[in-house]
Amino acid sequence: QAKQGGSNQCSYFTYAMNEQAQHRYQLEQALRQACASDEFELYYQPKVHLRTGRMVGTEALLRWNRPGHGVVSPAEFIPLLEQTGMIREVGAWVIEQACRQIARWAQDEAGPLPVAVNVASPQFSDSTLVDTVAAALQRHQIDPALLSLEVTETALMEDLARTAATLSTLWSMGVRIAIDDFGTGYSSLAYLRRFPVDTLKIDIAFIRELPNNADDAAVVRAIIAMAHSLKLKVVAEGVESADQLAYLGEHGCDLIQGYYFSRPIPADMMTQLMRQDARLAYLPAGAGERL
Ligand code: C2E
Ligand code: MG
Ligand code: MG
Ligand code: MG
């Protein structure tokens, strides 16, 4: 089709391709620079226990303070880190940084606070993940149960045998494991039961239109019910409204994460939040513990 429009369109097409390739190249160079110059930072988003409104954990989310660009979201650079393999190096930094923070919070009057770290599928392609985690736990002398790893359902299914073996090793070290973005892949819950996992995180796509979208609501109820029958905890991601919260509360969701309570924030702000002992302002009807 590019050819049909004559040489102009054809060269425009080529030009656009070059531009895209160039953009990608520049981004890649900038990312290599970022590793070397300390431009990455972990933000933290609270995980809140729905029945009590208490913050019971937090997820570490990578941010890139790119010079001249402000704070860049991971959606824009994680895919490239994965494609280039750089995610292994950056991922190791994330684990080290998160463990250092766990140790700090364990010393704090308001601590300890469990931290979850996202792990991408290329990080499972060699044995370094286990070594990295073991070394970080050892170096910072932290309780392994304070560290949790989030693996997406899709990554899990990509290379089942290897991922399962690695997760089992990590699990036996006492680290917690969660399945992230659950419901978008094609695994069955019964199947997942064979993995060492303690938590399912319902993908934000099913939360967005709650409670009005009847299909999404049905999926959410089904995930919660089946997860509980398999003794797994359930986290809803991306909770932004009181209506969503109320619905999730009614159906027994364990934890929520979302802008409704807090956006991801820098570590020192998280420390402040912990010390304030902030609670979820709204408790749904039937919430067990009154505050
Ligand atoms: P994720 O692990 O599923 O993280 C949840 C994402 O939802 C985060 O986006 C978070 O900021 C966003 N979020 C939380 N609450 C709400 C809400 O109420 N509304 C909306 N619209 N969004 C909400 P973020 O921080 O941009 O991260 C995107 C993805 O990038 C993460 O999805 C994760 O897959 C990946 N990622 C982030 N940090 C890391 C990391 O250190 N390593 C790896 N491998 N991946 C990471
Ligand atoms: Mg996650
Ligand atoms: Mg997720
Ligand atoms: Mg996601």
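Computed from heavy atoms alone, side chains included, the values below leave out hydrogens, waters and symmetry copies. Start at 1 and go down the list; that is how both ligands and their atoms are numbered.
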### Query
Do Asp198 and Trp171 touch side chain to side chain, with heavy atoms closer than 4.5 Å?
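A side-chain contact under 4.5 Å exists here.
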### Message
With heavy-atom distances below 4.5 Å as the criterion, would you say the side chains of Leu167 and Phe124 are in contact?
### Response
yes
Relative to the Mg ion (ligand 2), which of the N, O or S atoms in [X] is the closest?
| X | result |
| --- | --- |
| Asp180 | OD2 |
| Glu150 | OE1 |
| Glu59 | OE2 |

### Message
Heavy atom to atom 12 (C) of ligand 1, shortest distance: which of Trp93, Phe77, Tyr259, Phe261 holds it?
### Response
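It is Tyr259 that holds the nearest heavy atom.
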### Query
So, does Ala75 sit close enough to ligand 1 that a heavy atom of it is under 4.0 Å from the ligand?
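Under 4.0 Å: no for Ala75.
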### Query
Can you tell me if Arg263 has a non-hydrogen atom under 4.0 Å from ligand 1?
no
### Query
Taking the inter-plane angle between the rings of Phe40 and Trp93 on a 0 to 90° scale, is it parallel (under 30°), tilted (30 to 60°) or perpendicular (over 60°)?
tilted
### Any N or O of Gln257 closer than 3.5 Å to N or O of ligand 1
no
### Query
Any N/O of Ile87 closer than 3.5 Å to an N/O of ligand 1?
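Ile87 vs ligand 1: no N/O contact under 3.5 Å.
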### Task
Provide the atom name of the closest N, O or S atom of Asp181 relative to the Mg ion (ligand 3).
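Per the distance ranking, Asp181 contributes OD1 as its closest N/O/S atom to the Mg ion (ligand 3).
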### Query
Just heavy atoms, cut-off under 4.0 Å: does Glu82 contact ligand 1 by side chain, backbone, both, or neither?
neither
### Query
Taking heavy atoms and a distance under 4.0 Å, where does Val117 meet ligand 1: side chain, backbone, both or neither?
neither
### Query
Above 12 or not: heavy atoms from other molecules or residues under 6.0 Å from CD of Glu89?
no
